[in-house]
Amino acid sequence: LLLLIPNYQAEKVEVIGNEFTKRINYITFLPSDCFCVVFFMSNYFWAVMVLIAAGLTDLLDGYIARKYDLITNWGKLMDPLADKVLLVTVLACLYFRNMIPIAVIVIIVLKEILMVLGAAFLYKYRKTVVSSNIYGKAATATFYVAIILTFLKDWVSPFHKVAMFIAVIMAIYACCQYAVNFFVKK
C-alpha cells in the first residue's frame, strides 16, 4: 500500500517492498506443512485446496514483484526453492500413500538436488542468480495438474498416470534447459 502513496521516499519503498516480498516468500513455505497435516488426516479435499492456494499465492507473489519492480535476488532464490519444497513434499506424501510410484519421487528429488547444486555453483563461482524460466514454470504447472488428477484418479484413470509421466518428462526437460542456458552457453 505504501507504494501507492505519492511522494513516499524511494529508498523506504524499496526496503519496505523487499521486506514485503520476503514475507510473502516465507509464507510460500507454509503450504508444505499445511499440506502434510491435512493429507495425513486423509482430508484430500483440503489437501488439494492447500495446493491450489499455494499456487495462487505463488502467482500473486510473482505478480506483485513484477508490477512494483520488487524483484530481488532473494526472491529469485526463495520462490523457486519454496516451489521445490512443496513439490517434493506433495510427491513424498503421495508416494507414502501408494498413489504414485517411487520412480517419480526419485527422479524429481535427484533433479531438484542437481538444480540446487547447480544454482549454488553458479552463485558461488559466477555470481549468477538462477531464476525460473518458462520451462520450469510449465513443468511446475503440469505437476499441479497431475497431482490434482491423482487425487481424482477414481474418476479420471488412467489420465492421472499420463499427466504425471508428462510432468516428469517436462521437469527433466526444464532441468536440461537450465543446464544448457547456464553452463553450456556461458
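Side chains included, hydrogens not; waters and symmetry mates left out as well; all remaining heavy atoms used.
Using cut-offs of 30° and 60° on the angle between ring planes, the pair Y125 and F121 is tilted. The aromatic rings of F96 and F40 lie tilted to each other, with the angle between the two planes from 30° to 60°. Using the six-membered ring where Trp is involved, F35 and F151 have ring planes that are perpendicular, over 60° apart on the 30 and 60° scheme.
Of the possible polar contacts, one joining the Y178 side chain to the N133 backbone as a donor-acceptor pair under 3.5 Å is found.
With values rounded to the nearest 0.5 angstrom, Y44 atom OH is found 14.0 Å from L51 atom CG. The CD1 atom of I100 lies 9.0 Å from the CD1 atom of I108; values are rounded to the nearest 0.5 Å. Rounding to the nearest 0.5 Å places OG1 of T89 at 11.5 Å from CZ of F39. Between the CZ atom in F165 and the NE2 atom in H160 there is a gap of 14.5 Å [rounded to 0.5 Å]. To the nearest 0.5 Å, atom OH of residue Y95 and atom CG of residue L91 are 12.5 Å apart. How far NZ of K111 is from OH of Y173: 14.0 Å, rounded to the nearest 0.5 Å.
Put simply, the residue from L86, V90, I52 that forms a side chain to side chain contact (heavy atoms under 4.5 Å, CB included) with Y144 is L86. With V145 as the fixed residue, the side chain to side chain contact (heavy atoms under 4.5 Å, CB included) test singles out one of I147, I148, L149: L149.
Side chains of M164 and P101 form no contact here, defined as non-hydrogen atoms less than 4.5 Å apart. By the 4.5 Å heavy-atom criterion applied to side chains, L87 and T140 are not counted as neighbours. Contact check for Y68 versus I64: side-chain heavy atoms found under the 4.5 Å cut-off. Contact check for D33 versus V37: no side-chain heavy atoms found under the 4.5 Å cut-off. Counting heavy atoms from C-beta outward, V38 and M49 have side chains that stay 4.5 Å or more apart.
The shortest heavy-atom contact between C36 and C93 is SG-SG, 3.7 Å. In plain terms, the two heavy atoms of F182 and R126 that are nearest each other are O-NH1, 2.7 Å.
Following chains of ILVMFWY side-chain contacts shorter than 4.5 Å, one can reach F143 starting from I102, so the two form part of one hydrophobic cluster. Under a hydrophobic clustering in which Ile, Leu, Val, Met, Phe, Trp and Tyr are joined whenever their side-chain heavy atoms come within less than 4.5 Å, directly or via other members, V109 and M99 fall into the same cluster. Hydrophobic clustering keeps L122 apart from V116 (ILVMFWY residues linked when any side-chain heavy atoms are closer than 4.5 Å, directly or through intermediates). I172 is connected to L110 through a chain of hydrophobic side-chain contacts under 4.5 Å among Ile, Leu, Val, Met, Phe, Trp and Tyr, so both are in one cluster. The cluster map of Ile, Leu, Val, Met, Phe, Trp and Tyr, joined by side-chain heavy atoms under 4.5 Å apart, puts V168 and Y135 in different clusters.
The environment of CD1 in I134 is sparse: at most 12 heavy-atom neighbours from other residues, nucleotides or ligands sit within 6.0 Å. Environment of CG in D154: crowded, with over 12 heavy atoms of neighbouring residues, nucleotides or ligands closer than 6.0 Å.
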- Task: Take T142 and I169 through the test side chain to side chain contact (heavy atoms under 4.5 Å, CB included) and record every step on the way to the result.
- Result: CA-CA 10 Å; T142 306; I169 296 301; over 6 Å; no
